[in-house]
Amino acid sequence: MADWLLQHAQPKLSDPVRYANGGAHRLSFFAMEQAAGRLLGPPTVADITIVLVGGFHLWRRAHGVSPATVSRDTAALRQPLIGHGSTT
């Protein structure tokens, strides 16, 4: 994710800070999922399932985040893993 922020978000997006903040939220969510045993290590493409994304949506909404922000965070959640050819 850090590479994606440096290579894509900072030079190409109008507000890269939003994506950096979203990255911190995703890391918190992944840590929570790991602590609960639902994620066995760092997330891989195979881990980004409907169930995981649904849990992320519920978690973000429970923190009072707007649906538009949740959608943006979801797109950013998928982009570093899928958009750059990662297989792990």
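Values below: all heavy atoms of this structure, side chains included; hydrogens, waters and symmetry mates excluded. Quick caveat, the model's predicted, so the values are computed rather than measured.
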Applying the 4.5 Å side-chain criterion to the ILVMFWY set and letting contacts propagate, would F29 and V53 be lumped into a single cluster?
-> yes
Keeping the roles fixed (side chain from Q34, backbone from G41), state whether a donor-acceptor pair exists under 3.5 Å.
-> yes
F56 side, atom CZ; R26 side, atom CZ - distance, nearest 0.5 Å | 6.0 Å
Could you pull out all residues at least two apart from H63 that satisfy ring-ring contact (aromatic ring centres under 6.0 Å, His included)?
-> W59
Residues L52 and F30: closest non-hydrogen pair is CD2-CE2, 4.2 Å
Check which hydrophobic residues are tied to V70 through side-chain heavy-atom contacts below 4.5 Å, counting indirect links as well, and list them.
-> V65
Can you name the salt bridge (Lys or Arg N to Asp or Glu O under 4.0 Å) partners of R38, sequence neighbours left out?
-> E33
Tell me the salt bridge (charged side-chain N to carboxylate O under 4.0 Å, His left out) pairs involving residues 45-69, sequence neighbours left out?
-> R60-D73
Can you list every ring pair (Phe, Tyr, Trp, His ring centres under 6.0 Å) pair that touches residues 31-52, not counting sequence neighbours?
-> none
